[in-house]
Amino acid sequence: MSRIAYVNGRYRPHRDAVIPVEDRGYQFADGVYEVCEVREARLVDERRHMARLVRSLGEVRIRLPMPLSALSVVLHETVRRNRVRNGIVYLQITRGVARRDFAFPAPAPAPSIVVTARSHDHVKAEKMATEGIAVITVADGRWARPDIKSVSLLPNVLAKQVAREAGAREAWLIDAEGFVTEGASSNAWIITTDGEVVTRPADNSILSGISRAVVLDAMAARGLSFTERPFTVAEAQAAREAFITAASQIVQPVTSIDGKPVGDGRPGPIALGLRREFHRHAEFT
Ligand code: PDD
């Protein structure tokens, strides 16, 4: 079955789903995106993902090209046409097509919008969670606004490649003071030997993850205490547990950081428990 993408008002097979060469997303990474989990053919936390999309668009002054109600129809229709039961739906909005010039084109072109969806291997994802993943650390070389979900992801791409070449699944990005900001495509968490769950505050230095918000709700429901503060690599390596969160992998236990085992080197019970409970705290549409 050929995959179908929504591109500026049309559903097309991927091979015909194209964007003009002067799209500002292509020329300048002048656009933003969202990734929503799809579970049992429904979207997970669409409302919060769309709220973050609206915020990202506002921060870069791109207008929402269609009402959220219409966008919701497109997201669901793209999932349906690709027969995705479990996977992700991807949405990208750029400033549109215009002759290459750095400043915003005037008059503003229609923003370009692309939606794709794909299935993931549920069995493989569960296996990875029971095994845990290795993480390596890389200097955080991104711009000062990672809170905007911009398609400008070159530092994240390079960090992830360093991880891959080191046999790790994720790179944790380290700020100038030696604190972990977040993963190349996830938020970072530790549980200290005192049982304190720690994650960095969602200020401008990280993306305010939707899965992060769901996990905070799950912890509050469990009565687990947590602290939002920066933590160092040494603290993470000495932690009892570590994990990452992202829409594409929910809660994923981390079992080593820069080659040092975290705790006993196996996925921790709190991370696995939060993974099991995750969808009880998420919204389905
Ligand atoms: N990435 N931090 C970064 C840098 C991310 O790219 C992501 C998600 C997150 C987690 O956000 P959320 O819980 O809302 O997915 C944090 C997506 C999955 C991606 O780029 O594929």
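- To the nearest 0.5 Å, atoms CG (Leu224) and CD1 (Ile191) are separated by 7.5 Å.
- Under the 4.5 Å side-chain contact rule for hydrophobic residues, Leu274 and Phe278 share a cluster.
- Ionic pairing of Glu126 and Arg275 is present here: one or more N-O contacts between side-chain nitrogen and carboxylate oxygen are shorter than 4.0 angstrom.
- Minimum interatomic distance between Ala159 and Leu173 (heavy atoms only, all atoms of both residues): CB-CD2, 3.7 Å.
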Can Glu196 and Arg229 be said to form a salt bridge (charged side-chain N to carboxylate O under 4.0 Å, His left out), step by step?
CA-CA 11 Å; Glu196 181 195 18; Arg229 64 167 174 84; 3.1 Å; yes
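- Under a 4.0 Å N-O distance rule, the pair Lys149/Glu34 does not qualify as a salt bridge.
- Hydrophobic clustering (ILVMFWY, side-chain heavy atoms < 4.5 Å, transitive): Ile136 and Trp189 are in distinct clusters.
- Linking Ile, Leu, Val, Met, Phe, Trp and Tyr residues whenever their side-chain heavy atoms come within less than 4.5 Å leaves Tyr90 and Ile210 in two separate clusters.
- Note: His120 NE2 to Asn86 CG = 5.0 Å, rounded to the nearest 0.5 Å.
- Counted by atom type alone, Gln252 and Ser186 present zero donor-acceptor pairs between their side chains at under 3.5 Å.
- Annotation: cation-pi pair Arg39/Phe284 absent, no NZ/CZ under 6.0 Å from the ring centroid and within 45° of its normal.
- Put simply, CZ on Arg24 and CG on Asp30 are 4.5 Å apart, with the number rounded to the nearest 0.5 Å.
- A distance-only check finds a donor-acceptor pair linking the side chain of Tyr6 to the backbone of Gly9 [under 3.5 Å].
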For Glu170 and Val254, what are the C-alpha separation, side-chain angles and deciding distance, and is it a side-chain contact (heavy atoms from CB on, under 4.5 Å)?
CA-CA 9 Å; Glu170 181 59 302; Val254 170; over 6 Å; no
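- From Thr94, atom OG1 reaches atom CD1 of Ile113 across 10.0 Å, with rounding to the nearest 0.5 Å.
- Taking 4.0 Å as the cut-off between side-chain N and carboxylate O, Arg200 and Glu228 do not count as a salt-bridged pair.
- In the hydrophobic clustering of this structure, Val32 groups with Leu68; members are Ile, Leu, Val, Met, Phe, Trp, Tyr whose side-chain heavy atoms approach within less than 4.5 Å, directly or through other members.
- Side-chain contact between Leu207 and Pro146 is absent, with no heavy atoms from C-beta onward closer than 4.5 Å.
- Between Gln27 and Glu22, the closest side-chain pair of non-hydrogen atoms falls below 4.5 Å.
- When all heavy atoms of Arg55 and Asn204 are compared, the pair lying nearest together is NH2-OD1, 4.5 Å.
- Here the straight-line distance linking atom CG of Leu153 with atom NZ of Lys160 works out to 10.5 Å at 0.5 Å rounding.
- We find that Asp217 and Arg48 are joined by a salt bridge, their nearest charged nitrogen and carboxylate oxygen being less than 4.0 Å apart.
- In this structure the side chain of Val262 never reaches within 4.5 angstrom of the side chain of Thr255, judged on heavy atoms.
- For the residue pair Asp194 / Thr192, no side-chain donor-acceptor distance below 3.5 Å is found, with atom types taken as modelled.
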For side-chain contact (heavy atoms from CB on, under 4.5 Å), just list the numbers for Arg12 and Val18, CA-CA rounded to whole Å, side-chain angles, deciding distance to a tenth of an Å, and then say yes or no.
CA-CA 9 Å; Arg12 292 176 170 271; Val18 291; over 6 Å; no
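- Put simply, the side chain of Asp23 reaches to within 4.5 Å of the side chain of Val97, judged on heavy atoms.
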Given side-chain contact (heavy atoms from CB on, under 4.5 Å), test Arg61 with Phe104 step by step and report yes or no.
CA-CA 9 Å; Arg61 294 158 64 192; Phe104 298 172; 3.8 Å; yes
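- Of the charged side-chain nitrogens involved, none lies within less than 4.0 Å of a carboxylate oxygen, so that Arg266 and Glu131 do not count as a salt-bridged pair.
- At a threshold of 4.5 Å between non-hydrogen side-chain atoms, the residues Arg142 and Thr181 count as touching.
- Between Ser150 and Trp143, some side-chain heavy-atom pair lies under the 4.5 Å cut-off.
- Arg83 CZ: 12 or fewer foreign heavy atoms inside a 6.0 Å radius.
- Using a 4.5 Å heavy-atom threshold, the side chains of Val180 and Val233 count as touching.
- A 6.0 Å sphere centred on CZ of Arg145 holds more than 12 heavy atoms belonging to other residues, nucleotides or ligands.
- When the side chains of ILVMFWY residues are joined at heavy-atom separations under 4.5 Å, either directly or via intervening members, Val54 and Met50 end up in a single hydrophobic cluster.
- Look at Lys127 and Asp121 and you find no salt bridge, because none of the NZ, NE, NH1 or NH2 atoms lies under 4.0 Å from a carboxylate O.
- Side chain of Glu241 to backbone of Ile270: a donor-acceptor contact under 3.5 angstrom is found.
- To the nearest 0.5 Å, the span separating OG on Ser185 from CD1 on Ile244 amounts to 7.0 Å.
- For Phe28, the CZ atom is densely surrounded, since the number of other residues' heavy atoms within 6.0 Å is greater than 12.
- Smallest separation of non-hydrogen atoms from Trp172 and Gly183: CD1-CA, 3.9 Å.
- At least one side-chain heavy atom of Leu71 sits less than 4.5 Å from a side-chain heavy atom of Leu53.
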Could you walk me through whether Leu91 and Leu75 pass side-chain contact (heavy atoms from CB on, under 4.5 Å), step by step?
CA-CA 8 Å; Leu91 157 71; Leu75 293 171; 4.2 Å; yes
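- Of all heavy-atom pairs between Val60 and Arg95, the closest is O-NH2, 2.8 Å.
- No donor-acceptor distance shorter than 3.5 angstrom exists from the side chain of Asn187 to the backbone of Arg212, with no hydrogens or angles considered.
- Smallest separation of non-hydrogen atoms from Asn82 and Ala117: CG-O, 3.9 Å.
- Not one N or O on the side chain of Thr285 forms a donor-acceptor pair closer than 3.5 Å with the backbone of Asp45.
- Between Leu272 and Ala129, the shortest heavy-atom contact is CD2-O, 3.7 Å.
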